[in-house]
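Presented below is the structure to which this report refers.
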There are 2 protein chains.
Amino acid sequence: MSGSNPIRVLVVDDDPLACEAHIAYVRRVPGFVVAGSASNAAAALKFLAGGGVDLVLLDMNLPDRHGLEIIRTMKAARHPADVIAVTSARELETVRTAVSQGIVQYLLKPFSFATLRERLERYASYRQTVTAPTAASGQAEVDQLLAGLRGASPAAPAGLLPQTLESVVNLLRELTDLSAAELADRLGTSRVTARRYLEHLVDTGAATRDHRYQGTGRPVVAYRWRSPG
Amino acid sequence: MSGSNPIRVLVVDDDPLACEAHIAYVRRVPGFVVAGSASNAAAALKFLAGGGVDLVLLDMNLPDRHGLEIIRTMKAARHPADVIAVTSARELETVRTAVSQGIVQYLLKPFSFATLRERLERYASYRQTVTAPTAASGQAEVDQLLAGLRGASPAAPAGLLPQTLESVVNLLRELTDLSAAELADRLGTSRVTARRYLEHLVDTGAATRDHRYQGTGRPVVAYRWRSPG
DNA sequence: TGTCTTGTGTTCGTTTCGTTCATCGACCGG
DNA sequence: CCGGTCGATGAACGAAACGAACACAAGACA
């Protein structure tokens, strides 16, 4: 553990804010150091050519070339660094191509620090096993290795279910201006529960509250996803 | 399901006996057809250039070139076929490189028909989801996709009985949407034990977790065998 | 100002979850 | 034949997540 070298990470993102955020995140995870950053494909490839990178946190949407192209170039050049794809693109086709090119993780933006840390730690564990000069004892060990690299997300809010929270986020993104009662209807839960999740999103700054006047009775509280980014 | 085209497989192995055996195996799995076979790297690449291949069952030890080289050449040429690495090489370094090049599975020789079938079925499920022109609803869906592709074989129990596990798998396949309590009832075990087996299946990517809101009280956790549609 | 109408916010009981720990049997060396 | 270790199990016990119910809030309208 303490004897192994830190994993050197290159952060690539064209949005300066996101780039800084990711750098700060990586710095907070023990065992990882930020080797550098780049805001476009050309700079990223140039930095990679200089060596000293073990892992790339790679945004797919870059101004000059698509992230998938960078991966292809890297692999063709036998560059040994692994790649975690970071993107807001939800097209499954992109996921498929990225997997086919050998990415070790696929992270959807925006993600929390907890999520990134968990993925980095998984990768560190995988890397430590796999770089040892030993042989696998059998199929089971190989399976375990790959499964550990690609496990599910134990994202942990408080008092609510992670999966339901994600459904709420998706609905909020899709339909702007959602009231607690409407969400309850679409979710199959009670209004109380729907409200709990929405308030959580407001608390964490992911959503905003608003009022909708409808001519009669008490106004409805409408929730909105905060800026598509 | 029935409307989708079969997945065309190229079998590559220099040992004629093993090659024939793998061909016979693939033929026995519904939804897959053998597009051709090759006994060396040159023949494999030539066949691939002709198109009509979705998946390559690729032995790593070939007389002319190493399997990893074939994968690199394929990916550099943007060949869309996916690769399942088949090898008797247990060096973890080879595993790591192969994963880095984007293989979808890593199978150690010799393997049983049941093992290959299970991996092929996982790949078919992954492929069906990923080739649909839809977008992922969130990180959880992406994670489940990757976990299902790379998960360990469910037949690798740790702290549980293979026999019981098989019963659980059968029940889960038969009845979609099973809760831990329901399984416990049908199995004659306690809820705790039933839950242990179901969680194991989720860990290995063979099943997925879902929540069922039932009008009152805490929602129940519903488990599903993967590939619902 | 008072009333009506609609929706909000919170309390509290209900149902299920997830975990801990003792138990029971199987296997094993002596 | 006996004591010991190990592996799988389930009873029991907080804690978690939900929704029915209810009191109150906020606007419209007279």
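Just so it is clear, the values below take in all heavy atoms, side chains as well, and ignore hydrogens, waters and symmetry mates. Letters A, B, ... are given to chains in the order of the sequence lines, protein chains preceding strands, and every chain is numbered from 1. It should be emphasised that the depicted structure is a prediction, and the values quoted were computed from it without experimental measurement.
- Checked by distance alone, B/R218 brings no side-chain donor or acceptor within 3.5 Å of a matching partner on the base of D/dG19.
- Interface residues of residues 181-193 of chain B facing DNA chain C, ordered by number: B/R191, B/V192; criterion, heavy-atom separation under 4.0 Å.
- The distance from atom CG of B/L161 to atom C1' of D/dT9 is 10 Å, rounded to the nearest whole Å.
- In this structure, A/Y123 has no ring-ring contact (aromatic ring centres under 6.0 Å, His included) partners at least two apart in sequence or on a different chain.
- For A/R96, the salt bridge (charged side-chain N to carboxylate O under 4.0 Å, His left out) partners at least two apart in sequence or on another chain are B/D82.
- By the salt bridge (charged side-chain N to carboxylate O under 4.0 Å, His left out) test, B/K75 pairs with no residue at all, sequence neighbours left out.
- Within the structure, side chain to side chain donor-acceptor pair (under 3.5 Å) pairs that include any residue of residues 199-208 of chain A comprise A/E199-A/R209, A/E199-A/Y223 (at least two apart or interchain).
- Distance CG/A/L198 to CG/A/L172: 5.5 Å, rounded to 0.5 Å.
- Listed by first and then second residue, the side chain to side chain donor-acceptor pair (under 3.5 Å) pairs involving residues 159-173 of chain B amount to none (not counting sequence neighbours).
- Judged as a salt bridge (charged side-chain N to carboxylate O under 4.0 Å, His left out), and not counting sequence neighbours, the contacts of B/D54 are B/R8, B/R127.
- Rounded to an integer number of Å, the gap from A/L160 CG to D/dC18 C1' is 11 Å.
- Residues from residues 197-216 of chain A placing a heavy atom under 4.0 Å of any atom in DNA chain C, listed by number, are A/Q214.
- Both A/P219 and B/R195 sit near DNA chain C, but only A/P219 has its closest nucleotide nearer the 5' end.
- Residues satisfying the side-chain hydrogen bond (donor to acceptor under 3.5 Å, both in side chains) criterion with B/E182, sequence neighbours excluded, are B/R212.
- Atom pair A/L165:CG and D/dA17:C1' shows a separation of 14 Å (rounding to whole Å applied).
- Protein chain A contacts DNA chain C from C/dT5 to C/dT10, reading 5' to 3' and using non-hydrogen atoms of the protein with a distance under 4.0 Å.
- Residues passing the ring-ring contact (aromatic ring centres under 6.0 Å, His included) test with A/F111 are A/H22, sequence neighbours excluded.
- Here B/F32 pairs with nothing under the ring-ring contact (aromatic ring centres under 6.0 Å, His included) rule; sequence neighbours left out.
- Here the side chains of A/V12 and A/L57 are not in contact, with every heavy-atom distance at 4.5 Å or above.
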